[in-house]
There are 2 protein chains.
Amino acid sequence: MTKDMTPLLGYRLKLAQHALHRRLEAALKPLGLNPAQYAVLAELNARPDQTNADLAERAFITPQSMQGVLAKLEDSRLVERRQDVRHGRRQLARLTPEGHVKAEAANAEVMRVEEVLEAAVRPDAIQDALDLMERLHSAMCR
Amino acid sequence: MTKDMTPLLGYRLKLAQHALHRRLEAALKPLGLNPAQYAVLAELNARPDQTNADLAERAFITPQSMQGVLAKLEDSRLVERRQDVRHGRRQLARLTPEGHVKAEAANAEVMRVEEVLEAAVRPDAIQDALDLMERLHSAMCR
DNA sequence: CTGATAACATCAGGCGCCTGATATAATGTA
DNA sequence: TACATTATATCAGGCGCCTGATGTTATCAG
């Protein structure tokens, strides 16, 4: 007989991340963004002029999926794409001024969630928690 | 300027869970199951005769989504649903004999992944890790 | 008993991410 | 130069989960 799932690390990891995801969705919804769109805005804010392929890799989704994300951000005039002068195929994405404002606002919301998350951990244990997540991540990628 | 996401607990939580999910998908694929289907088989193995609504709640998805999961499991003859004798509307789901075999096989695969996950943590720190996940989950649900 | 409310199953449509296929430009190699 | 390989963007279709709407059955209040 299969036992109760509750004491499994994988199960609890899933639960925690699922709740976080819902929370982020709720926090970003008033801004008209979803977590994937936020991730792109934040990434382009930190490093402008990246290609669709670059952004996809950093966000851990496929280029095909990122295509859809970028298309919507372009429709919303938060991101613009230009032909790379040196390459005929590459298109470099960057934030519009409006996109920059939106990115900052979204980041504030996300940081608010992050603070709630960190408040659940003893201050001196946050680094341990970060290390734990990294170890779990590495173990699953091997 | 938005900073690097790497040191954020939320970001690393997402990364770890994402990798776990991919790993589970890969482990279950040879059995013809996805993580959601596995969750239902495991749940019905532990507690037979649950309704669609019950299963949805335990799996943290909507009844509408669980409907699709159950329909596929029925098509695969791993689960069967019968009218509840006392209620005209409720349908109670349970494993078929074939479903029971599949559930056990899937559970073995999932436990193998769980072992890899736990191996990434010092043995005396597993309970701390479980507690951490629970605190993060609770913090996000409030 | 009657009518309102809640629980349950289910259909329809949308969104996000996936895989597979295709087209084009850049790059490496004979 | 010519050709194969790689990188990039993009279209098409599938799958899983979502919200909204609908119909049916239990349950409860009067």
Side-chain angles (χ1 to χ4, degrees), chain A residues 14-15 17-26 28-29 31-41 49-76 79-94, chain B residues 14-15 17-26 28-29 31-41 43-44 49-76 79-94:
Chain A
K14 176 186 175 176
L15 248 59
Q17 197 278 333
H18 186 255
L20 166 64
H21 191 255
R22 292 308 187 84
R23 185 94 169 215
L24 282 177
E25 277 182 332
L28 292 170
K29 192 168 188 177
L31 294 170
L33 297 175
N34 62 28
Q37 291 167 341
Y38 160 73
V40 171
L41 293 187
D49 290 328
Q50 297 190 64
T51 67
N52 176 54
D54 293 335
L55 292 167
E57 187 174 1
R58 288 188 193 276
F60 303 96
I61 63 178
T62 62
Q64 294 94 319
S65 298
M66 183 56 74
Q67 188 71 17
V69 177
L70 280 178
K72 285 208 170 176
L73 290 173
E74 266 190 302
D75 289 348
S76 310
V79 165
E80 57 185 10
R81 296 158 95 183
R82 301 181 184 179
Q83 286 289 330
D84 185 334
V85 181
R86 314 179 182 202
H87 299 71
R89 196 108 187 95
R90 283 185 187 160
Q91 295 181 33
L92 301 180
R94 62 173 61 180
Chain B
K14 176 186 174 177
L15 248 59
Q17 197 278 333
H18 186 255
L20 167 64
H21 190 255
R22 292 309 187 85
R23 184 94 169 213
L24 282 177
E25 277 182 331
L28 292 170
K29 192 168 188 178
L31 293 170
L33 297 174
N34 63 28
Q37 291 167 340
Y38 160 73
V40 171
L41 294 186
E43 180 58 30
L44 287 178
D49 290 328
Q50 296 191 65
T51 66
N52 177 53
D54 292 335
L55 293 167
E57 187 174 2
R58 289 189 193 275
F60 304 95
I61 63 177
T62 63
Q64 295 94 320
S65 299
M66 182 56 73
Q67 188 70 16
V69 177
L70 280 178
K72 285 208 169 175
L73 290 173
E74 267 190 302
D75 289 346
S76 310
V79 165
E80 58 184 11
R81 295 158 96 183
R82 302 182 183 180
Q83 286 288 330
D84 185 334
V85 181
R86 313 180 183 203
H87 300 72
R89 197 104 188 96
R90 284 185 186 160
Q91 296 181 34
L92 302 180
R94 63 172 61 180

Spacing between [X] atom [atom1] and [N] atom [atom2], to the nearest angstrom:
{"X": "Q50(B)", "N": "dA7(C)", "atom1": "CD", "atom2": "P", "value": "18 Å"}
{"X": "L70(A)", "N": "dG16(C)", "atom1": "CG", "atom2": "P", "value": "13 Å"}
{"X": "L55(B)", "N": "dA7(C)", "atom1": "CG", "atom2": "C1'", "value": "15 Å"}
{"X": "L33(B)", "N": "dG16(D)", "atom1": "CG", "atom2": "P", "value": "11 Å"}
{"X": "H21(A)", "N": "dG16(D)", "atom1": "NE2", "atom2": "P", "value": "18 Å"}
{"X": "Y38(A)", "N": "dG16(C)", "atom1": "OH", "atom2": "P", "value": "18 Å"}

- Task: Taking all non-hydrogen atoms of both residues into account, name the closest pair between V79(A) and A93(A) and its distance.
- Result: CG1-CB, 4.0 Å
Within the pair [X] and [N], is there a side-chain N or O less than 4.0 Å away from OP1 or OP2?
{"X": "R86(B)", "N": "dC8(C)", "value": "no"}
{"X": "N34(A)", "N": "dG16(C)", "value": "yes"}
{"X": "N52(B)", "N": "dT10(C)", "value": "no"}
{"X": "Q67(B)", "N": "dG16(D)", "value": "no"}

- Task: For E57(B), look at atom CD and say whether over 12 heavy atoms of other residues, nucleotides or ligands are found less than 6.0 Å away.
- Result: no
- Query: Within a radius of less than 6.0 Å around CD of E25(B), do more than 12 heavy atoms belonging to other residues, nucleotides or ligands occur?
  - Reply: yes
- L92(A) backbone acceptor or donor facing D84(A) side chain under 3.5 Å: no
- Task: For the side chain of R90(A), starting at C-beta, report the closest nucleotide among dT8(D), dT10(C), dT10(D).
- Result: dT8(D)
- Task: Just compare dC17(C), dT10(D), dA7(C) and give me whichever is closest to any side-chain atom of V69(A).
- Result: dC17(C)
- Would you mind telling me which of R94(A), R81(A), R90(A), R82(A) makes a salt bridge (Lys or Arg N to Asp or Glu O under 4.0 Å) with D49(A)? R94(A)
- Task: Report the distance from atom CD of E80(B) to atom CG of L44(B), rounding to the nearest 0.5 Å.
- Result: 10.5 Å
- How does each nucleotide of nucleotides 18-25 of chain D score, in 5' to 3' order, for protein heavy atoms under 4.0 Å: base (B), sugar-phosphate only (S), or none (-)? BBBB-BBS
- Could you walk me through whether Q37(A) and V40(A) pass the side-chain contact (heavy atoms from CB on, under 4.5 Å) check? CA-CA 5 Å; Q37(A) 291 167 341; V40(A) 171; 5.8 Å; no
